[in-house]
Every structure is written in structure tokens, then in C-alpha cells.
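One structure is given here, and the rest of the page talks about it.
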Amino acid sequence: MTLVGFKSFPLPLAQLALDAVLKCGQSFRWSTIAFPLSGDKELEDSSPSEQVEYRLCLRDRVVCLRQSFDTLYYRSIFPDPQPTSITLPIREAETLKWLKDYFQLDVDLISLYREWGMKDKVFAKFRDRFEGIRILRQDPWENLISFICSSNNNISRITKMVQNLCIHYSSPLISIKHPFLPSETLTYHPFPTPSVLSRSGVALHLRSLGFGYRAEFIQRTAKMLVDAHGIGCSDPSSPQEDPELWLQGLRGLSTADAREELLKFVGVGRKVADCILLMSLDKKEVIPVDTHVYQIAVKHYGMKGSYGGKTNMTPKLYEDINSRFLSIWGDYAGWAHSVLFTADLKFFSNYGSAISSTEKSPAATLHNKKNSPTSQSGSPVISPSARRKKRLHRQVDLVEPEFPTTPKSCKETTEHMNLVDRVKKRRRNV
DNA sequence: GCCGCACCTCTG
DNA sequence: AGAGGTGCGG
């Protein structure tokens, strides 16, 4: 495959599966351009990522990506004034540098997969079908706001919300023609800055845009950040505001210290804080525990089930799951988790769950994913209301653990358990 | 400390 | 009812 205007970078799919990584709920801002069917057999037989171009608007350029089985193709679109033939190579080199950082290409995913596969039979079962899933190194500010949007929410709505944030709170960097539909114009906005989102009136406007109760969270978090760290740019050579730089500085703190800082923001609880730690603050061992991860833990790793299928996530349960996975996967546990998570998510969108189920037929899989009482226990279907009454007495059966349950340090567990409460209480008292 | 509920909105 | 949760009050 040769692409006009694109630079190429050799990279096997096993190191990066672009379609999965960009659409699995880490970043919500990549747009896609589908290529028209050309009758080109080679192209139509190719993997999805070969028929699509991905685009992301940064502060000063739009990065465009395509991929084949062994190559990553990249180019940039710049606003006027256009780079000259002299400066263009320099700027494309900047883009490549950004790509290497963003995709963390110095981390060898193939050897990580090999290690996880040796330590973990469950992982070994799925790794070949879900190659190339890696953690992005995102901008912490964008990451923070995006994941405040993520509570009680799904990927498609989060994507729309983030899009609205960009459209309404940052001016367009560039408008260009759609490559295949000349009548359409594509307009690209960078992610808004903290100072803009901190302005009064933002919360009300976001409400009207359908952000729900997250509207206040976003504005207040932006304001907290600006109040504490200023709206200026003390470094004129940097396009970022001081609060953004301060957030980046959290990369230098320990996981515990950085988490404590994040928990101070409204709309940021343990789960969201852990997402940010993993996805933009280099804390590769952190595993954000959500309902998917919880389901996987119960079905495949012999974790204790909750009551009657209702995932009532307690701090203790959260911590138990976390330390359990950490002991299995080790240093890059958060990266390993994202493989299973993405695998689960991808399958869920089609026909139930790939790995939170042990059933064989698609029908049974779908059933199981919905927490039907028939799963595992084989008991008859009961109505939701009947189940609610029963749930206090009902523990999900233990699936035989593939690993012995490791005893956890009580002290450590207690410290973490108290952390969220401690930070939130302190915040209220200020 | 721990529990339970409300919270926006959309979708199955 | 539940979705990749969080804040708040008992």
C-alpha cells in the first residue's frame, strides 16, 4: 500500500491495532474518514484500519493516520501559513516524535503479551485475537475532563459530549474539504483550555448541551485548577496554560500522591482518578475497576461475586480486585487490563461478551451478559423484583479460580479504602 | 466508616 | 433498567 502525502513508519499490527486502540474508550476525540469502496479487491479484503483514516486535532495541527499490517502512515495538516519545503520536513518530524510519545512505541507490546500469557492462562486464551492493544499517553487535562464526562455514561455519548466541548469552547484551527465528498467541509477544533471552561455560565450552557449533572463538575474542576494554578502561560514557548502544565507535573509524583491530587476535583472519584493515572500520568500498574472489569474478575479469576448481580462497588471490593490483578500481571497490570477490557468491549457490541462469559453459544453469551439468573447456577428465570428481594442472600457462585487467591495486606487495603473519603472530606472543609 | 440514594440523558 | 460513577446525607 502506498499513500500519497503520507510518511510511513514500520510497525506491525501486533504492536498497535489502531482501530481498537483509538475507539475503545481511552480517547474520545479521534474522528474517522471511511474510504469509498473502490472495487479494489486488495483494499476491501484488508483489515478495517486499512480502509479508514483517523484524525486528531492538536493545538497547531491535525494529525492523520492510516495503517496496514506492517506500517503506520502519518501526515499533518497545518493551518496557514503553510510550511515551506524547508520547514515541512521539520514539522513532520515533530509529528513523528509526538506519535512515538502518544503511542508509547518504546514499550514492546509483543514481549509484554508474552509475559502476561505465561503468567496468566486466561490472558493466554485471548491474546491472539486481540493483538496490539496498548495504553495511550494522553494529555492529562483533556483526559481529566473527558473522564469526568464518563460517569454513568457510554462511549458514544461521551464522544458527542467531548466533541461539543471542542466545538463550543475552542475556535477552529482549520476547515478543509472532505477528501471524498467535496460538498462537505470538515472543521477541526483543538481541545478547550482550562481558563475557558472555568468561566461562569459554562455550567449552565453545558447543561443545555445535554451534559446533565456533569456540567457543574466540569466547570468547577476547571475553576479549581485555574484558581490554584493560574490562567496565564508563564512559559511563552509552551502553547499550554499553567494548569495544564501542573497536571502534567503529576507524572513526577508517586501513584498514591498523584491519585490524591486528582481526587480533590469534583466529579473525580476512585475510578476516574485511576483512568487518568493510567492513561495520561504514566502509572502503568493502575487498573481502573468498572463493571466490565468486575465481571471479568468474577467469571475468570475467582473473585467473589456481589449480591444478585447488582454490582455494588465498595472501596474494599475495588481494592481487592485491583490488588488481585496487580499480583497476577505485575508492573504493567493496567496495560494488561486494557487488553481484556477492549476484547470484552469489542465483542459486547456485537453479540454479548467475549470474556466475561464462559458460555459457548452466542445466545447463551448474550443471556449471561445481562446477568440473567440462569447463568452459572442454572436456576430458573425470576423477575427483577423477585431478584431484588433475594439479593441480600444470594452470592454468585465461585467459578473455579485459575489462580490461588492471594492474601492481601490488610494495612494497605485500609489505607486505600479511606483515601477517597479522606480527600473528599478535606475538600469540603476548606 | 459504611450504606443507600439521587443524579442527566439515552438506549435496549 | 442500566450505562465504563460520584457526591452527599444518614
Side-chain angles (χ1 to χ4, degrees), chain A residues 23-28 143-144 146-162 164 203-221 224 262-276 278-279 286-297 306-319 321-322 334 337-338 340-353 356 366-367 369-372 383-388 391-392 413-429:
Chain A
K23 293 289 172 180
C24 70
Q26 292 191 56
S27 169
F28 301 94
N143 202 212
L144 169 66
S146 300
F147 277 85
I148 287 176
C149 295
S150 78
S151 77
N152 253 317
N153 214 341
N154 55 59
I155 290 178
S156 74
R157 183 151 83 112
I158 300 166
T159 304
K160 282 176 200 142
M161 287 161 74
V162 171
N164 267 329
L204 207 60
H205 183 217
L206 290 179
R207 278 259 170 195
S208 73
L209 288 172
F211 278 65
Y213 61 85
R214 304 163 197 86
E216 281 79 21
F217 291 164
I218 292 170
Q219 199 240 318
R220 287 175 61 198
T221 287
M224 287 168 76
L262 292 174
L263 286 172
K264 290 176 183 168
F265 298 110
V266 267
V268 179
R270 177 68 194 261
K271 193 269 176 179
V272 169
D274 281 0
C275 285
I276 299 163
L278 175 65
M279 299 177 190
V286 171
I287 298 170
V289 180
D290 56 35
T291 50
H292 283 250
V293 174
Y294 172 75
Q295 295 292 338
I296 293 169
S306 72
Y307 306 107
K310 172 99 180 169
T311 26
N312 196 354
M313 184 58 65
T314 62
K316 175 160 169 44
L317 183 55
Y318 190 107
E319 197 56 43
I321 293 171
N322 221 306
H337 130 278
S338 80
L340 295 196
F341 181 87
T342 305
D344 202 50
L345 202 65
K346 264 177 97 86
F347 265 83
F348 183 38
S349 61
N350 297 328
Y351 44 88
S353 166
S356 62
L366 188 63
H367 226 111
K369 181 66 195 181
K370 294 188 162 181
N371 284 319
S372 157
S383 72
S385 59
R387 177 158 27 120
R388 214 171 302 124
R391 77 165 167 235
L392 285 177
T413 303
T414 315
E415 277 173 9
H416 284 295
M417 253 168 54
N418 298 339
L419 178 63
V420 177
D421 278 349
R422 237 177 37 229
V423 173
K424 300 291 173 185
K425 206 159 282 178
R426 199 183 310 153
R427 189 185 71 207
R428 260 171 277 166
N429 292 339

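Each chain gets a letter, A, B and so on, in the order its sequence line appears, and its residues count up from 1. Only a predicted model underlies this, so the values are computations on that prediction, with no experimental measurement involved.
Counting to the nearest Å, the C1' atom of C:dA3 and the CZ atom of A:Phe341 are 11 Å from each other. Regarding A:Lys271, its NZ atom lies at a distance of 11 Å from the C1' atom of C:dA3, rounded to whole Å. If you measure from atom CD1 of A:Ile148 to atom P of C:dG4, you get 19 Å, rounded to the nearest angstrom. Per the geometry, CD belonging to A:Glu319 stands 16 Å off P belonging to B:dG1, to the nearest Å. Taking atom CG on A:Leu262 and atom P on C:dT6, their separation rounds to 12 Å, with Å as the unit. Straight-line distance from the CG atom of A:Leu419 to the C1' atom of B:dC2: 16 Å, rounded to whole Å. B:dT11 atom C1' lies 14 Å from atom CD1 of A:Ile158, rounded to whole Å. C:dG4 atom P lies 16 Å from atom CD1 of A:Ile321, rounded to whole Å.
Using P as the reference atom, C:dG4 and B:dC3 are 24 Å apart when rounded to the nearest Å. Remark: the separation of the C1' atoms in C:dG7 and B:dC10 is 22 Å, to the nearest Å. Using P as the reference atom, C:dG5 and B:dG1 are 26 Å apart when rounded to the nearest Å.
Consecutive pairing runs in DNA chain B reach the stem threshold at B:2-7 with C:5-10, B:9-11 with C:1-3, where a stem means at least three Watson-Crick or G-U wobble pairs with distances under 3.5 Å.
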Between the protein and nucleotides 7-10 of chain C, are there any N/O to N/O pairs under 3.5 Å, and if so, what are the atom names and distances?
| residue | atom | partner | partner atom | Å |
| --- | --- | --- | --- | --- |
| C:dG7 | OP1 | A:Gly267 | N | 2.8 |
| C:dG7 | OP1 | A:Lys424 | NZ | 3.0 |
| C:dG7 | OP2 | A:Lys424 | NZ | 3.2 |
| C:dC8 | OP2 | A:Arg428 | NE | 3.4 |

Find every protein N or O atom lying less than 3.5 Å from an N or O atom of nucleotides 8-10 of chain B, and list the pairs.
| residue | atom | partner | partner atom | Å |
| --- | --- | --- | --- | --- |
| B:dC8 | OP1 | A:Arg207 | NH2 | 2.7 |
| B:dC8 | O5' | A:Arg207 | NH1 | 2.5 |
| B:dC8 | O5' | A:Arg207 | NH2 | 3.3 |
| B:dC8 | O4' | A:Tyr213 | N | 3.2 |
| B:dC8 | O2 | A:Arg157 | NH2 | 2.9 |
| B:dC8 | O2 | A:Arg214 | NH1 | 2.7 |
| B:dC8 | O2 | A:Arg214 | NH2 | 3.4 |
| B:dC8 | N3 | A:Arg214 | NH2 | 3.2 |
| B:dT9 | O4' | A:Arg157 | NH1 | 3.4 |
| B:dT9 | O2 | A:Arg157 | NH2 | 3.3 |

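For A:Gln219, the side chain to side chain contact (heavy atoms under 4.5 Å, CB included) partners are A:Val202, A:Ala203, A:Lys223, not counting sequence neighbours. The side-chain hydrogen bond (donor to acceptor under 3.5 Å, both in side chains) search around A:Asn322 returns none, not counting sequence neighbours. Listed by chain and number, the residues in a salt bridge (Lys or Arg N to Asp or Glu O under 4.0 Å) with A:Lys23 amount to none (sequence neighbours excluded). Applying the side chain to side chain contact (heavy atoms under 4.5 Å, CB included) rule to A:Ser27 yields the partners A:Arg29, A:Trp30, A:Tyr102, A:Leu136, A:Gln138, A:Glu142; only residues at least two apart in sequence or on another chain are considered. For A:Ala215, the side chain to side chain contact (heavy atoms under 4.5 Å, CB included) partners are A:Leu206, A:Arg207, A:Phe211, not counting sequence neighbours. In terms of the side-chain hydrogen bond (donor to acceptor under 3.5 Å, both in side chains) criterion, residue partners of A:Ser156 (sequence neighbours excluded) are, by chain and number, A:Asn154. Residues passing the side-chain hydrogen bond (donor to acceptor under 3.5 Å, both in side chains) test with A:Asn153 are A:Arg157, sequence neighbours excluded. For A:Ile155, the side chain to side chain contact (heavy atoms under 4.5 Å, CB included) partners two or more places apart in sequence, or in a different chain, are A:Phe28, A:Thr159, A:Leu345.
A:Ile155 comes within 4.0 angstrom of a nucleotide base, judged by non-hydrogen atoms across all strands. No engagement by A:Cys149 is indicated, since no non-hydrogen atom pair under 4.0 Å with the nucleic acid exists.
Counting only heavy atoms from C-beta outward, the side chains of A:Asp274 and A:Ile287 never approach each other to under 4.5 Å. Side-chain contact between A:Val266 and A:Glu216 is absent, with no heavy atoms from C-beta onward closer than 4.5 Å.
Between A:Phe341 and A:His337, the ring-plane angle classifies as tilted under the 30° and 60° cut-offs.
Listed here is the closest heavy atom pair of A:Tyr213 and A:Ser151: OH-OG, 3.1 Å.
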